[in-house]
Amino acid sequence: MVDLQALRQAEHGRRIRNGYMWALFCAVLWGIWYIPGTVVWGLAPFVEMYTEVASTSGDSMALLVTAVLITALNAVTVVLALFVWNGVLGNYGEMVRTAKSFQPCSKWFLFASVFGGPVAILGSFMAMGFVGGAFAAVAALLYPVVGSALANVWHGEKISKRAAMGIIVIIAGGITIFGGGVISELQAGSVGWIGCVGGLMAATGWGIEGAVADKGLDVANADVGLHLRFISELAIWIIIALPLLAIMGYPVFTYAFQVFQPLTILMFIFAGITFGFCYVSWYKSFPLIGVGRGQGIANLYGMFAVISTILFFGDVPQWTVLVGGALCIAGSFIMFSEESLELETLR
Amino acid sequence: MSNLPRKIRLMEIMQDGNEYWNYEAIKQAMQDYGMQGDFARDTLNMDLIELAAIGFIKEVDLKVDDEGAYKKGFLLHKYVITEDGKARLSDACMYAI
């Protein structure tokens with residue numbers, strides 16, 4: 001006699017494991033993305049661009065303007081990488097159908113692109129430019145709090161005590177990793193209000209994006225939804241942000257046409273693949289385990305980013321990295337060990 | 001041929017409130033989209049699993065696939081659309097082009 005309930009439970013457990021696996025892929029790929037994401041700042045034409053803008057408008061503005069161009073170009077390669085991905089999955093027909101269903105589906109991905117792109121990414125760079133890199137990293141690590149709270153209030157998504165504890169422990173781990181840097185950044189000089197606004201944008205942007213995108217993912221496929229979200233983000237950078245900067249007198253288009261150099265293009269391809277698939281994994285986790293858990297595990301990116309920079313740039317880790325990393329792993333296990341039957345339905 | 005995204009179409013198939021085995025809804029959707037093969041079948045089944053996870057459809061029965069209606073030896077699920085699913089569907093179909 002076949003035990004139907006045991007089979008059902010096993011199948012259900014597979015769904016939860018797959019959800020956590022996608023969220024973990026997201027964290028690993030996001031961490032790896034920091035390699036091309038860092039290297040590209042030291043390549044032509046961005047070094048010249050930064051120097052030129054800094055000479056007239058100061059370092060913080062130079063960082064912002066260069067960041068917009070890099071982010072726009074990053075979005076180009078992400079969109080291309082996703083065309084390959086969705087082509088292999090045979091999703092082009094579904095993409096057209098989803099894009100046409102604006103009210104129920106694609107409008108949510110349009111909103112998601114606004115919160116995840118200009119709000120979160122630009123906010124992150126503002127925090128980086130006007131306060132410091134560690135401050136920006138810590139601010140961004142807070143996004144699952146916003147995401148899970150919003151998903152709970154708006155969608156009625158269940159957040160168990162265990163899941164909430166896991167999210168908090170992972171955030172504590174991330175703060176421990178970057179905490180020392182934040183203290184020295186805050187002590188180093190005046191903290192501009194623009195930097196604080198940027199930190200707030202980073203903390204809220206990705207959290208809101210997750211909850212908003214999840215509304216679209218109710219009735220849309222994650223691979224397709226994410227692709228539409230990036231096409232929309234690319235349009236925002238190319239149609240609004242870059243022309244606006246050009247009108248303000250910044251030479252963004254001049255430098256945009258100078259990116260066709262082997263190493264720069266190679267780094268953008270690397271960035272497009274890692275960022276594209278990190279985001280695909282992020283979106284794929286939401287319908288399986290919910291926004292709160294998906295974002296909580298994806299938040300391990302802070303730890304993986306540090307591991308990437310240690311491995312590829314030879315940075316010597318401080319002891320806080322080990323303590324923070326241990327907290328991140330502990331937080332993950334708190335979430336993984338949640339009774340899967342509690343997640344039979346996410347809402 | 002349906003112009004609706006897959007998940008919306010799957011809910012539309014079930015909108016009459018009747019109970020459907022997963023392979024019945026999948027077979028209908030595959031015909032609507034002109035899809036063929038195991039990969040398309042499994043993709044649509046994943047869509048059903050995701051719809052059930054957020055409570056737009058709910059499982060009412062299950063049995064082991066002895067005859068290979070979906071995939072021999074695997075578990076078959078019978079679903080019915082929920083009130084939440086109907087509400088989201090009416091919103092979706094009203095505005096879909």
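The sequence lines fix the lettering, A, B, ..., with proteins before strands; numbering per chain opens at 1.
- When heavy atoms are compared at a cutoff of 4.5 Å, B:K58 does not approach chain A at all.
- Here B:I8 contributes atom CD1 and A:R97 contributes atom CZ; the two are 10.5 Å apart, rounded to the nearest 0.5 Å.
- Residue B:I54 holds its CD1 atom at 9.0 Å from NZ of A:K215, rounded to the nearest 0.5 Å.
- Residue contact with chain A, scored on non-hydrogen atoms closer than 4.5 Å, is absent for B:T43.
- For a residue to count as touching a neighbouring chain, one of its non-hydrogen atoms must lie under 4.5 Å from one of that chain's; by this rule A:D223 does not touch chain B.
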Practice prompt. I would like to know whether B:M11 and A:V219 meet side-chain contact (heavy atoms from CB on, under 4.5 Å); could you show each step before the answer?
Written response: CA-CA 9 Å; B:M11 286 202 289; A:V219 285; 3.7 Å; yes
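- Only the side chain of A:L288 comes within contact range of chain B, with at least one heavy atom under 4.5 Å from a heavy atom of that chain.
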Discussion item. For A:H12 and B:I49: C-alpha separation, side-chain torsions, deciding distance, then whether side-chain contact (heavy atoms from CB on, under 4.5 Å) applies.
Written reply: CA-CA 9 Å; A:H12 174 69; B:I49 290 170; over 6 Å; no
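- Note that CG of B:D84 and NE2 of A:H155 are 12.5 Å apart. Values are rounded to the nearest 0.5 Å.
- At a 4.5 Å heavy-atom cutoff, B:M35 makes no contact with chain A through either its backbone or its side chain.
- With a threshold of 4.5 angstrom between heavy atoms, B:L10 does not approach chain A through any atom at all.
- Residues B:P5 and A:N221 form no side-chain contact, since every pair of their non-hydrogen atoms from C-beta on lies 4.5 Å or further apart.
- Looking at B:A40, neither its backbone nor its side chain comes within 4.5 Å of chain A, counting heavy atoms on both sides.
- Rounding to the nearest 0.5 angstrom, the gap separating the CE atom in B:M46 from the CG atom in A:N18 is 6.0 Å.
- A:K100 is not listed as a side-chain neighbour of B:L4, based on a closest heavy-atom distance of 4.5 Å or more.
- Taking NE2 of B:H77 as the start and CD of A:E11 as the end, the distance is 3.5 Å to the nearest 0.5 Å.
- The number of heavy atoms from other shown groups lying within 6.0 Å of CZ (A:F336) is above 12.
- Counting heavy atoms of neighbouring residues, nucleotides and ligands inside a 6.0 Å radius, atom OH of B:Y33 exceeds 12 of them.
- Looking at A:R15, its side chain never comes within 3.5 Å of a backbone N or O of B:A53 through a donor-acceptor pair.
- Annotation: the span from B:L62 atom CG to A:L4 atom CG amounts to 5.0 Å, rounded to 0.5 Å.
- Contacts of A:L89 with chain B are made by both backbone and side-chain atoms, with heavy-atom separations under 4.5 Å.
- Crowding of A:F304 atom CZ: a count of heavy atoms from other residues, nucleotides or ligands under 6.0 Å exceeding 12.
- Annotation: B:K78, atom NZ; neighbour count of heavy atoms from other residues, nucleotides and ligands within 6.0 Å is above 12.
- For the residue pair A:D218 and B:K7, the shortest heavy atom distance occurs at O-CD, 3.5 Å.
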